[in-house]
2 protein chains.
Amino acid sequence: MKGWQMADGREEVRVTIRTVAADAGVSVAAVSKVLRNAYGVSDSLRGRVEASIEKLGYRPSVAARGMRGQTFTLGVLLVEIANPFLPSVYHGIESITDAAGYKIMVGIGAARAGREAQLIEQMIDNRMDGLILVASQISGETLDRYARQIPTVVVGHHEPTAQSFDTINSDDFEGARMVVRALCEAGHRDIAMLAMDHGPDHSADVSPQRESGYRSAMTAAGLVPRVIRVPPSNLPREAELRAVLTAPDRPRAVFCWSDLDAVPLLNLAHQLGIRVPHDLAIVGYDNSPVAALPLISLASVDQDGARMGKMAAQALLSRIGGRTVPEHRLITPRLVPRASL
Amino acid sequence: MKGWQMADGREEVRVTIRTVAADAGVSVAAVSKVLRNAYGVSDSLRGRVEASIEKLGYRPSVAARGMRGQTFTLGVLLVEIANPFLPSVYHGIESITDAAGYKIMVGIGAARAGREAQLIEQMIDNRMDGLILVASQISGETLDRYARQIPTVVVGHHEPTAQSFDTINSDDFEGARMVVRALCEAGHRDIAMLAMDHGPDHSADVSPQRESGYRSAMTAAGLVPRVIRVPPSNLPREAELRAVLTAPDRPRAVFCWSDLDAVPLLNLAHQLGIRVPHDLAIVGYDNSPVAALPLISLASVDQDGARMGKMAAQALLSRIGGRTVPEHRLITPRLVPRASL
DNA sequence: GGCGTTTCGTATACCGTTATACGTCAATCA
DNA sequence: TGATTGACGTATAACGGTATACGAAACGCC
C-alpha cells in the first residue's frame, strides 16, 4: 500500500487491512475474521494478527465497514445546544450506550425542521445503526418515513400511535395539571399560561401537550384558561415577556411551558419591582439547573431527563436487536416547589 | 438493484448511483460527474441526470464517497455538553461552515482525555474533512499526532508553537490581569483566585493561563497571590466552595477561573448571608447567559465565543484548502462589570 | 480535405471492508 | 481403509461511490 498526497501536501500512509495481512503473512479474509470474532480462526492465527494490528497501529475504516456491516455508532439529534435540559438526557443515553459498546455522534438541529431533516439524512448516509431524536420539531409523518429506513427512538415528541418508531415522553399533560392544582391550593385563581407559539403540525410537541393539560385542569377547577403565546426560545422575546408583566390585567400566577421562559420572566419581574410570589407566582418546566440556584429559586416540573435518556437508549438497542412492535412510554413528572410558588 | 433484509426484518431498496444511471440512460461515471460538478458534462446530460435524481430521491452515500473523495463533513469536539459558554462558540462555527456547504457532526468529550481521543479517532475513521477541538483536555503532543492525520484547529487550548494545527484563543493571561486591575481600582487588596485543580500536563488549558495572568498582575500591584484550587466542574464541589466562604481568613474579593464556579459561589454567599459585593466581590469568566441575569448580575470576562468560533471555522477551511503554515490567534477579552464587582 | 483540438461520454480500476464460497488437511468413524 | 466431518484458511465478489484513461464525435484551421 502506497501513501498518497493529501490536499494540503502532507503525505499519509494509511494502514489498511491489507497492510496487516501482509505483515502477519495471512490473507485479508483472515484478518477480517479476527476483527469480527468470526468462526474459524485458530489461536495462533489470532495471535499473529493481533500482534500485527498492535504493531502497525491499525484501525479499521468505519466508512468501508459501514458499506456492508454495522458501524456501532448511534446518532443523537438534539433540538438545539443551549437548552439546559438536554445535558441530562444526553448523559442518560450515554450511560447505556457506552456500556453496550456503541459510539455516539451528535447533531444539533437549531430548532428548525429543515435542518433536522438534513442531519437525519446525514446520519442515515453515514450508516449509523440507530437514531435518537430529542425534542425533534419534525412532523410525525416525516418521522415515519425516516424511521422506516433506520431504527429510531423519539424523546419529547408525542406520537403514541406511531408504528415505525418508539417514543419516550414525560407525561406533559399530567405535569401541567399538577402545576395548576398546586397553584389552586396556594389560593390562586387568575392563572395564565405562557405557551410556545408553535405553528400548525406541532400538536405533538411538548408545549401544546402541556397547554391542553393546563386547559383541562383549569376547566376542572372551574376556572377560565388564559393562554399567552410567546415566540420559540431561539428567538428574542423580551418584549413579549415585558408586555405580560406590564399589562393592566396582569395575572396573579403564570405557568410557563419551559424554564427558558420562566427564568427570564422571573428576572424581568424582579427588575420591574414585582414581588415574586407575593404579587406574581411563577412556575416553570424542566427543573433546569438555573431554577435550582438559591438566587433564582424557581418552582419547576422535573422530568428526570437522565431516566428518559436511559429508557430511550434501551429502547433503541432492543429495536436494533430486532424488535418491531413499537414501544411508547410515559413517565410521570414531579413538581419541585420553590420560593417562586 | 435488489432490496435486502435488514436486521429487524424491514425491507429496504437502496437507490444507488447505478439506479440513477440506469434510469437516466447514461453511465455511472456520467452521474458521478454531475454530482461532483466535474468537467465535461453537457447541459442536456446534466438535466436528464438531475431529473432522475429528483425522481428517485437519490442521495449519495457518505460512506462510499468518503472512501475516495471529500465528505464535506467537519467534526466538532466539545469538552462537555453542560458548559453554557460552548453554544456561542458552536453557533460561530456553524455560521461559517454552513455558508461553505459543510456539515457538522459533534462529539462530546465528557471532560476526559481518553474519551476525547476515542472521539477524534472515530471522526478520523469517519473520514471527516477536518476537526475543531473546543477546550480539549488532550496534551499538545497527542494533539500533534492526530493533527498530522487530519486538518485540525484547536480552540481554548494554548499551544502557540504548534506546527501541525492552528489555535484560536482568548488572551486568558490578559483577561485575568484585567480582572485584578479592576478589583484593585475598586479598592481591594485581598484578592484570591479560584483555579481549576488540573493535573500535570495541563498548563496549556485555560485555567492555568488565567492563573499566571492573575499572579503576574498581583505581583505587579505589589500584592500577594493566593490561589485556591477546586475540583473540575464535572465533579461536585460545593464543600470546597463553602470552605472558601466560611474560612476565618476569607478573602475580600474572589476571581473565579469560570462562571461555572462563580455562579454557585455567588449563590452560596447569598445563602450564608454574605453581602456581595459589600463583604465579598466576585468576578467570573466566560460571561455566560446566567451571569447576565439581573438576579445574578455577576461581573465576568467576555471572550466573544461566537467570534472565536467563526475564526476557528475560517482557519479550518483555509487549512483544508491547503495552507500548511500554522496560524495562532489571540483575541483580547473584555470585562463586563456588574453588581458583583 | 486532412489534421489537430476540444467537447462530451463511457469503461473500469480502485477505495477498505465484509461475508460467502470453496479448498485443504487432519482427526474420527464404520 | 475409504468416507465423513470439522477446523482452519484463502480467494473473491460485493458495497457505492470517485477519478482516470480513453474513444468518438464535432469543430477550427490552413
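Remember, it's a predicted structure, so these values are computed and weren't measured experimentally. Each chain gets a letter, A, B and so on, in the order the sequences are listed, and its residues count up from 1.
Comparing C:dA11, C:dT17, D:dT10 by their closest approach to the side chain of A:R18 singles out C:dT17. Among the nucleotides D:dA19, C:dT17, D:dG9, the one closest to the side chain of B:R36 is D:dA19. The side chain of A:T16 has C:dG16 as its nearest neighbour among D:dG9, C:dA11, C:dG16. Nearest nucleotide to the A:A29 side chain, out of D:dA11, C:dT18, D:dA7: D:dA11.
Two residues, B:K33 and B:R59, neighbour DNA chain D, and the one matched to the more 5' nucleotide by heavy-atom proximity is B:R59.
By the side chain to side chain donor-acceptor pair (under 3.5 Å) test, B:D43 is found to be paired with no residue, residues two or more places apart in sequence or in another chain being considered. Qualifying side-chain contact (heavy atoms from CB on, under 4.5 Å) partners for B:A51, counting only residues two or more places apart in sequence or in other chains: none. Legend: residues meeting side chain to side chain donor-acceptor pair (under 3.5 Å) with B:D205, ordered by chain and number and at least two apart, are B:H157.
Contact check, B:Y39 against D:dT20: no side-chain N or O comes under 4.0 Å of OP1 or OP2. For the OP1/OP2 pair of C:dT18 and a distance below 4.0 Å, the side-chain nitrogens and oxygens of A:S32 include at least one atom meeting the criterion.
Taking atom CG on B:N37 and atom C1' on D:dT18, their separation rounds to 14 Å, with Å as the unit. Nucleotide C:dG9 holds its C1' atom 14 Å from the CD1 atom of B:I17, rounded to whole Å.
The closest side-chain donor-acceptor pair between B:R323 and B:S318 falls under 3.5 angstrom.
Between A:I132 and A:T97 there is no side-chain heavy-atom pair separated by less than 4.5 Å. Side-chain contact check for A:T16 versus A:T19: some heavy-atom pair is nearer than 4.5 Å. At least one side-chain heavy atom of A:L78 sits under 4.5 Å from a side-chain heavy atom of B:I81. At least one side-chain heavy atom of A:Y90 sits under 4.5 Å from a side-chain heavy atom of A:V106.
In the helix from C:dG1-D:dC30 to C:dA30-D:dT1, the rotation axis of the first five pairs and that of the last five pairs differ in direction by 40°, rounded to 10 degrees.
For residues 102-116 of chain A, the set of pairs meeting the salt bridge (Lys or Arg N to Asp or Glu O under 4.0 Å) definition, not counting sequence neighbours, comprises A:R115-B:E94, A:R115-B:D98.
For the contact set between residues 41-52 of chain A and DNA chain C, defined by any heavy atom under 4.0 Å, there are no members.
In this structure, B:V26 reaches the sugar-phosphate backbone alone: every heavy-atom distance under 4.0 Å involves primed, P, OP1 or OP2 atoms, never a base.
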